[in-house]
Amino acid sequence: KIITVPKKKSKSHMDSGNVLPSKILNKDGPTDLSTFTSAPVKALYFSAQWCGLCKELTPKLIKLYEEVNKTETQLQILFVSGDEGEADFQKYFGTMPWLAVPLDDDVVEALGENYKVANMPYLVIVDKNGKVLKDKAQNDFKDASKSNTEIFEAWKALSA
């Protein structure tokens with residue numbers, strides 16, 4: 001006789017009615033979600049170390065992040081990893097100046113489903129509750145005539 005175990009629901013990791021994760025990391029370890037939600041502009045960045053297009057976008061995103069946060073935090077990004085293991089996650093997250101969701105399959109999978117992530121890289125601008133203000137924001141970097149300031153100001157206008 002075969003016994004199947006129903007898949008765990010990820011609700012235990014996610015606040016009810018809130019699509020943002022309850023646990024996030026900074027470079028020193030766990031930090032409060034308000035570190036993310038208190039920034040004027042917030043983005044979720046679905047990416048992975050093995051993803052070629054992600055490796056192209058990440059340096060551009062780091063540059064924008066560092067430029068707009070030079071004097072105060074204007075933009076906060078939450079990295080949601082598609083990496084296969086903790087070592088790859090740590091290596092890739094180590095190159096990023098922002099926050100991350102711990103590499104927990106349930107939470108990462110739930111976030112991917114909620115934001116309808118089909119491909120990586122995927123960048124979504126959200127409000128403090130995780131509601132989408134702009135999806136596929138990674139496409140903003142495809143227009144070489146747009147400066148980082150112009151890209152950021154457009155995101156900021158959505159968040160006002």
Side-chain angles (χ1 to χ4, degrees), residues 7-15 18-39 41-70 73-128 130-144 146-148 151-152 154-155 159:
K7 190 171 180 186
K8 264 192 322 190
K9 297 281 183 222
S10 57
K11 294 235 187 272
S12 62
H13 295 288
M14 309 281 275
D15 296 333
N18 189 346
V19 294
L20 295 173
S22 54
K23 295 177 187 170
I24 64 170
L25 304 171
N26 64 19
K27 295 298 181 195
D28 300 319
T31 190
D32 192 77
L33 184 61
S34 66
T35 311
F36 176 69
T37 57
S38 62
V41 179
K42 294 156 281 299
L44 297 176
Y45 181 43
F46 294 84
S47 184
Q49 195 233 336
W50 50 261
C51 163
L53 291 173
C54 300
K55 287 181 182 177
E56 288 178 26
L57 179 60
T58 299
K60 295 174 185 175
L61 198 52
I62 290 171
K63 190 169 185 228
L64 180 142
Y65 180 89
E66 290 174 344
E67 280 177 24
V68 302
N69 290 333
K70 206 172 281 179
T73 303
Q74 293 289 311
L75 169 67
Q76 194 51 270
I77 297 172
L78 190 55
F79 168 49
V80 184
S81 177
D83 288 309
E84 297 295 319
E86 189 66 28
D88 285 345
F89 165 73
Q90 290 296 339
K91 182 179 177 186
Y92 195 39
F93 179 45
T95 68
M96 301 172 181
W98 45 72
L99 305 167
V101 174
L103 191 63
D104 174 318
D105 291 340
D106 286 347
V107 174
V108 168
E109 189 177 314
L111 286 167
E113 287 174 13
N114 184 72
Y115 290 101
K116 298 173 179 58
V117 178
N119 303 308
M120 288 191 284
Y122 186 79
L123 186 68
V124 58
I125 309 303
V126 297
D127 71 7
K128 67 181 191 317
K131 182 175 160 245
V132 175
L133 300 175
K134 178 181 180 110
D135 67 349
K136 299 180 183 157
Q138 72 275 7
N139 293 336
D140 292 346
F141 291 90
K142 288 182 177 174
D143 182 351
K146 274 189 187 173
S147 71
N148 282 343
I151 292 170
F152 176 72
W155 295 350
S159 303

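Residue numbers run from 1 in the order of the sequence given.
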*Other residues, nucleotides, ligands: >12 heavy atoms within 6.0 Å of N119 CG*: no
*asked:* With rounding to the nearest 0.5 angstrom, report the CG to CG distance, L99 to L44.
replied: 10.5 Å
*To the nearest 0.5 Å, how far apart are NZ in K142 and CG in L57?*
10.0 Å
*Relative to each other, are the rings of F93 and F79 parallel, tilted or perpendicular (30° and 60° limits)?*
parallel
*More than 12 heavy atoms of other residues, nucleotides or ligands under 6.0 Å from NZ of K91: is that the case?*
no
*Are Q138 and L53 close enough, and set up right, to give a side chain to side chain contact (heavy atoms under 4.5 Å, CB included), and what steps lead you there?*
CA-CA 10 Å; Q138 72 275 7; L53 291 173; over 6 Å; no
*Any chance you could measure L61, atom CG, to E66, atom CD, to the nearest 0.5 Å?*
10.5 Å
*Does the side chain of V107 reach to within under 4.5 Å of the side chain of K23, using non-hydrogen atoms?*
no
*4.5 Å side-chain heavy-atom contact, N69 and P97*: no
_I'd like to know if the side chain of Y92 pairs up with that of S47 as donor and acceptor (distance under 3.5 Å, no hydrogens or angles considered)._
yes
*Is the closest basic N to carboxylate O distance between K116 and D135 below 4.0 Å?*
no
_Spacing of CD1 belonging to I77 relative to CG belonging to L64, to within rounding of 0.5 Å_ = 7.0 Å
*Would you name the heavy atoms of I125 and A137 that are closest together and state the gap between them?*
CG1-CB, 4.0 Å
*asked:* Once rounded to the nearest 0.5 Å, what's the spacing between atom OH of Y45 and atom OG1 of T58?
replied: 2.5 Å
*If you look at every heavy atom in G82 and W50, which pair is closest and at what distance?*
O-NE1, 3.1 Å
*Pick out which of T37, D32, T31 makes a side chain to side chain donor-acceptor pair (under 3.5 Å) with S34.*
D32
*Is a side-chain N or O of N114 found less than 3.5 angstrom from the main chain of A110, in a donor-acceptor match?*
no
*Nearest heavy-atom neighbours spanning I24 and P102*: CA-CD, 4.0 Å
*What's the spacing between K42 NZ and L133 CG if we round to 0.5 Å?*
8.0 Å
*Has the side chain of K27 got a donor or acceptor atom that lies under 3.5 Å from a matching backbone atom of M96?*
yes
*asked:* Testing the basics here: between A43 and F36, what is the closest heavy-atom pair and its distance to 0.1 Å?
replied: O-CE1, 3.4 Å
*asked:* For a quick test of reading the model, state the closest non-hydrogen atom pair linking P121 to C54 and the distance between them.
replied: N-SG, 3.5 Å
*Walk me through it: do Y122 and V80 pass the test side chain to side chain contact (heavy atoms under 4.5 Å, CB included)?*
CA-CA 10 Å; Y122 186 79; V80 184; over 6 Å; no
*Might you work through the side chain to side chain contact (heavy atoms under 4.5 Å, CB included) test for Y115 and V19, ending with a clear yes or no?*
CA-CA 9 Å; Y115 290 101; V19 294; 3.0 Å; yes
*Compare every heavy atom of F89 with every heavy atom of D83, then report the nearest pair and how far apart it is.*
OD2-CA, 3.5 Å
